[in-house]
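Single-structure report; data block below.
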Amino acid sequence: MQDRMMAKEPNIDPKLLSPYNPTSTEDRIYKLWEESGFFNPDICVEKGVTASDADYFSIVLPPPNVTGTLHLGHAFEDTMQDVLVRYNRMKGKKTLWIPGTDHAAIATQSKVEKILSKEEGKRKQDLGREEFLKRVDQFAQNSHDTIVSQIKKMGASIDWSREAFTLDEKRNFAVRTAFKKMYEDGLIYRGHRVVNWDPKGQTVISDDEIVYEPRKAKLYTFKYSKDFPISISTTRPETKVGDTAVAVNPDDARYKDYIGKTYEIKDFCGVSLSIKIIADYNVDKDFGTGALGVTPAHSQVDYEMAIKNNLPSVTVINEYAQIIIGGENLLGKKTTEAREVVAQWLRDENLMESEVEIDQNVSTAERTGAIIEPLPKLQWFINVNKPIASRDNKTLKELMLEPVASGKIKVMPDRFEKIYSHWIENLRDWCISRQIWYGHRIPVWYRGEEIYCGMEAPEGDGWEQDTDSLDTWFSSGLWTFSTLGWPDLESADLKNYHPTTIVMPGYEILPFWVARMVLMSQYLLGDIPFHTVYFHGIVRDSKGQKFSKSANNGIDPIDVINEYGTDALRMALVVGVGPGNDTKFDMQKVKAYKHFANKIWNIARFTLSNAEGITYNPNFTEYTDSEKELIKERDDLISEITREMNEYKFYLVGEKLYAYTWSRLADVLIEESKSILSGTDEKAKLARVQFLLGTLVQITTVLHPFMPFITEELWSILPTENKQLLMVTKWPK
RNA sequence: GCGCGAUUAGCUCAGUUGGUAGAGCAACCCAUUUACACUGGGAAGGUCGCAAGUUCGAGUCUUGCAUCGCGCACCA
């Protein structure tokens, strides 16, 4: 077969004589791009491919966690960004895409702890802080290297010269600067309150790191003592040794007369209690007995009631979820054991009135899966309700809500606007301290009663730095500007590229990341972090399940690439997947786009084999009327997709280009060309070849953002005057 | 309890401002040809979840309902 072709078309590029081979092409092309320097907009200007007065387009990569390798969700996210980035670069903009990784404090630390325990049977304390952190850094470095190579495999045209890490020197400087400013403005404070304690991870977590899981639980209804007038219901009898009040609804006629009275209980499972009856509208008259035992130390709601009513608080449970008061029957017991001890005591004393099974949502820690234990603790918080003098006395909440409400930040799809606003309206102060080693250490030092917040340790002896580190999202919140040189306000990158044009995260990190970026940028820069946020959905497996380690359904993008090529994978991920929609990954779809890549390849083969010695002339005019119509059809298509690209509808554009290339160009236009090309009318033949070449050139160009590798490879073969890389060739207008 | 999304061909999904329903895969028939079998041609397959409304006209707009999924709240 090879021989037949060679004999017939001796002058065609030999690459075209065999089917398109992505594996032998992609790495070579990526290297070519990297060496050109064109991923860096400064070099594009320097080398004259971008006008020095061009508009800016900037986007930050949502930094992947250094907890492992990238999955198809990342591949999806990277592809969409690269499509946009390549499009804008070809439109002639100064286009900057910034890469980076996230240290993902808790996630990475617990991953390394797991490995340490599994492989060496050690705990982090066995190594000590310094040695353990070395291990984490090593792990993070390996993970980082894999991630970088994966991003390159995806064809990302991202500026590696500006790569950042949320925990590197520059970002640490930005974090300390931000912390200090917030501390001085009174936005960051240290407070003692009931927080979400993760007994497994041995750290506090924020409200957003909680996952609610439905469980069956027993609802016990009982009285503290025979003389106590009101029965209460609880699922956690073991905490009742810490009760200091019973709350009832002020409108509840049954309990009205008791409000304000205090009852002494000499023995409640070995502990004496002093219970005051208080009124609070948070109490639901219809739940249980309509009366609620208030345990200020171990419930957020109870804690708030206790503050309002000036009630004492008794801590019952420690950091290891063990009981720390009472007699031998309770002391040192795990909460679950103690629960049964108290329940049995109630039965024995004939105080138990009922035990009913109910459905309950239990709070668990996102990372460790442990059941959250609300505990009173001294932690660092960001006050979201304090008016800020330097920002027109607006609160952080207001600063977050405003730009979205006013449309200054465009949210795509717009239904996420509601979710965003709703989240912020319900926002409580953000707990930012974590009792873990890995991460940005809190820049606060103590000496006795003295406290100092600054960029460096204060002068003098005896100062000890806070041992906690910061919530990883504190540094992620700075990402759009910490990557551009902030806090140096004179940084050219910061001036030119901020606010960034768009950010494209998954909707699941709306509260974690997107809202925090708005918070940080609005407060620290007095400006939005991005003009548009485009939320994408989740890539699921073919059955609609989330990819996860426990389901063992992971697909390595590299395996897909090795079999079908990056271009095919990119098309399969992008085409037909609208903003905010989840998508089921379908290998058949990838296969179909591999066929498409080969189709383009063969269109080129046919065209070039008929264009021997002819160079494409964009100014050629000797077309027949029908060819003129075909050119208009082609131009119309390009205007249409250009409009759609500007509206971020690349999921439609990919499909249209596919349909035109295959069903129009290959199936109709090339087929009808065959009779012309085998005829004797030389003028007609030339016009036809020019038309086909023109179409091929245009299609190759506009397909480039979607299928960068095969189009770049083809570009090097096409007979055009323009011989610079396709990635910096102008998009047809 | 409040809110959001989905429901279109056997499967996975597109469908812009309302104007004769589309793609990929699968299944069926034909074709070995001056690109391509990773192919081409052809045919088949849908009362667009249900019901009502607006309209000359509804997959698209309005209302109600159903099923599935998700978020938030409650979670004593």
Side-chain angles (χ1 to χ4, degrees), chain A residues 4-5 8-9 12 16-21 207 212-215 217 219-221 231-237 239-240 243 246-248 282-284 287-295 299 301-302 305 358-363 413 415-419 421-423 425-426 507-508 510-511 537-538 540 542-544 564-565 568 571-572 575-578 580-610 640 643-644 647 649 651-652 654-656 658-659 662-663 666-667 670-671 673-675 677-678 692:
Chain A
R4 198 188 85 202
M5 290 305 167
K8 206 170 303 166
E9 295 135 13
I12 192 171
L16 287 173
L17 296 179
S18 50
Y20 174 63
N21 181 351
D207 295 341
Y212 295 98
E213 283 184 13
R215 301 238 172 118
L219 184 67
Y220 302 90
T221 301
S231 304
I232 58 161
S233 300
T234 185
T235 53
R236 303 200 57 189
T239 65
K240 297 291 106 180
D243 282 12
V246 163
V248 297
N282 283 321
V283 180
D284 180 357
F287 189 94
T289 61
L292 153 68
V294 180
T295 322
S299 154
V301 184
D302 293 11
M305 283 189 214
I358 59 159
D359 291 307
Q360 189 194 227
N361 281 330
V362 67
S363 315
R415 65 186 140 97
F416 287 104
E417 260 177 49
K418 258 192 191 172
I419 297 172
S421 311
H422 187 242
W423 182 80
E425 279 153 15
N426 288 308
Y507 60 72
E508 74 277 9
L510 183 154
I538 297 167
R540 298 166 179 278
S542 56
K543 291 177 204 141
Y564 299 107
M571 281 295 270
V575 169
V577 182
N581 290 347
D582 291 356
T583 173
K584 288 180 196 164
F585 184 74
D586 181 3
M587 208 61 93
Q588 290 300 334
K589 201 172 164 189
V590 186
K591 199 176 159 192
Y593 285 110
K594 184 193 159 118
H595 294 178
F596 179 55
N598 197 51
K599 193 73 184 175
I600 300 168
W601 200 245
N602 281 297
I603 290 170
R605 173 163 154 183
F606 174 83
T607 305
L608 297 195
S609 66
N610 283 288
E640 189 182 325
R643 201 187 66 238
E644 286 170 345
E647 293 166 359
K649 290 179 180 167
Y651 50 97
L652 289 179
E655 195 171 11
K656 282 180 184 173
Y658 175 90
W662 202 312
S663 310
D667 291 351
I670 285 190
E671 287 308 318
S673 300
K674 285 177 181 171
S675 60
L677 295 173
S678 61
L692 289 177

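Residue numbers start from 1 in every chain, and the chains themselves are labelled A, B, ... in the order their sequence lines are given, proteins ahead of strands.
To the nearest whole angstrom, the two C1' atoms, one in G22(B) and one in A14(B), are 7 Å apart. Distance check on atom C1': C74(B) versus U63(B) gives 30 Å, rounded to whole Å. Nucleotides U16(B) and C68(B) place their C1' atoms 27 Å apart, quoted to the nearest Å. Comparing the C1' positions of U47(B) and U20(B) gives a spacing of 16 Å, expressed to the nearest Å. Comparing U17(B) with C72(B), their C1' atoms sit 34 Å apart, to the nearest whole Å. Rounded to a whole angstrom, the distance from the C1' atom of G40(B) to that of G59(B) is 32 Å. G71(B) and G15(B) have their C1' atoms separated by 27 Å, given to the nearest Å. Separation of the P atoms belonging to U12(B) and G3(B) is 30 Å when rounded to the nearest angstrom.
Contact between the side-chain N/O atoms of Lys591(A) and the OP1/OP2 oxygens of G24(B) is not found at any separation under 4.0 Å.
Using a 4.0 Å heavy-atom cutoff across all strands shown, Tyr651(A) reaches sugar-phosphate atoms only and no base atom. At a threshold of 4.0 angstrom between heavy atoms, the contacts of Asp582(A) with the nucleic acid are absent. Nucleic acid contact class of Ile232(A) (heavy atoms, under 4.0 Å, all strands): none. Heavy atoms of Glu644(A) sit under 4.0 angstrom from at least one base atom. Using a 4.0 Å heavy-atom distance criterion, Val294(A) is classed as making no nucleic acid contact. When heavy atoms are screened at a 4.0 angstrom cut-off, Ala666(A) is found touching base atoms of the nucleic acid. Here Lys418(A) lies in heavy-atom contact (under 4.0 Å) with sugar-phosphate atoms only. Contacts of Lys656(A) with the nucleic acid, taken as non-hydrogen atoms under 4.0 Å apart, include base atoms. As judged by a 4.0 angstrom heavy-atom cut-off over every strand, Ile670(A) is placed among the base-contacting residues.
For Ser678(A), taking side-chain heavy atoms from C-beta onward, the closest of the listed nucleotides G41(B), C4(B), U34(B) is U34(B). The nucleotide whose nearest atom lies closest to any side-chain atom of Glu655(A) is, among A14(B), G24(B), C38(B), A14(B). The side chain of Lys649(A) lies closest to U16(B), out of U16(B), C25(B), A35(B). Side-chain atoms of Lys594(A) lie closest to C38(B) of the nucleotides C75(B), C38(B), A14(B). The side chain of His595(A) lies closest to C38(B) when the candidates are U34(B), C75(B), C38(B). Side-chain proximity of Gln588(A) to the nucleotides A35(B), C75(B), C25(B) is greatest for C25(B). Checking U16(B), A35(B), G3(B) against every side-chain atom of Glu640(A), the shortest atom distance belongs to U16(B). Of all nucleotides listed (C4(B), C25(B), A14(B)), C4(B) comes nearest to the side chain of Arg415(A). Picking from U16(B), C74(B), A35(B) the nucleotide with the shortest atom distance to the side chain of Glu671(A) gives A35(B). Looking at the side chain of Asn581(A), the nearest of the listed nucleotides A23(B), A14(B), C36(B) is A14(B).
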Apply side-chain contact (heavy atoms from CB on, under 4.5 Å) to His595(A) and Lys599(A), showing your working.
CA-CA 6 Å; His595(A) 294 178; Lys599(A) 193 73 184 175; over 6 Å; no

Show your working on side-chain contact (heavy atoms from CB on, under 4.5 Å) between Arg236(A) and Thr295(A) and close with a plain yes or no.
CA-CA 10 Å; Arg236(A) 303 200 57 189; Thr295(A) 322; over 6 Å; no

Show, in sequence, the C-alpha distance, side-chain angles and deciding distance for Phe606(A) and Leu677(A), and conclude whether the side-chain contact (heavy atoms from CB on, under 4.5 Å) test is met.
CA-CA 11 Å; Phe606(A) 174 83; Leu677(A) 295 173; 3.8 Å; yes

Could you walk me through whether Ile232(A) and Val246(A) pass the side-chain contact (heavy atoms from CB on, under 4.5 Å) check?
CA-CA 8 Å; Ile232(A) 58 161; Val246(A) 163; 4.0 Å; yes

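Relative orientation of the Tyr20(A) and Trp601(A) rings is tilted, given thresholds of 30° and 60° on the angle between their planes. Ring pair Tyr658(A)/Phe596(A) is tilted by interplanar angle, where 30° to 60° counts as tilted.
Residues Gly293(A) and Asp243(A) share a closest heavy-atom pair of CA-OD2, 3.5 Å. Shortest non-hydrogen contact noted between Val283(A) and Val248(A) is CB-C, 4.0 Å.
Between the P atom of G3(B) and the CD atom of Glu417(A) lies a distance of 18 Å, rounded to the nearest Å. Across the protein-nucleic acid pair, Tyr564(A) atom OH and C25(B) atom C1' stand 12 Å apart, rounded to whole Å. The OH-C1' distance, from Tyr212(A) to C72(B), rounds to 9 Å in whole Å. For the pair Arg215(A) CZ and C74(B) C1', the computed distance is 17 Å after rounding to whole Å. The distance from atom CG of Asn426(A) to atom P of G3(B) is 14 Å, rounded to the nearest whole Å. In this structure, Glu425(A) atom CD and A73(B) atom C1' are separated by 14 Å, rounded to whole Å. Atom C1' of nucleotide C70(B) and atom CD1 of Ile538(A) are separated by 9 Å, given to the nearest angstrom. Separating the NZ atom of Lys584(A) from the C1' atom of C13(B) is a distance of 9 Å, rounded to the nearest angstrom.
Residue side chain Lys599(A) reaches the base of C36(B) through a donor-acceptor N/O pair under 3.5 Å, judged by distance alone.
Across all strands shown, U32(B) remains unpaired; no Watson-Crick or G-U wobble contact has both distances below 3.5 Å. U20(B): no Watson-Crick or G-U partner with both key distances under 3.5 Å is found in any strand. Within the shown strands, nothing qualifies as a pairing partner of C38(B) under the Watson-Crick or G-U definition with both distances less than 3.5 Å. Using N1 to N3 plus N6-O4 or O6-N4 for Watson-Crick, or N1-O2 and O6-N3 for G-U wobble, each under 3.5 Å, C72(B) pairs with G1(B). In a base pair of the Watson-Crick type (N1 to N3 plus N6-O4 or O6-N4) or a G-U wobble (N1-O2 and O6-N3), with each distance short of 3.5 Å, A6(B) is matched with U67(B). U60(B) is unpaired under the Watson-Crick or G-U wobble criterion, no partner having all donor-acceptor distances under 3.5 Å.
For the pair His422(A) and Gly578(A), nearest-nucleotide mapping onto RNA chain B gives the more 5' position to Gly578(A). Nearest-nucleotide mapping onto RNA chain B: of Asp359(A) and Thr583(A), the residue sitting toward the 5' end is Thr583(A).
For the atom pair CG (Leu608(A)) and CD1 (Ile603(A)), the distance works out to 11.5 Å, reported to the nearest 0.5 Å.
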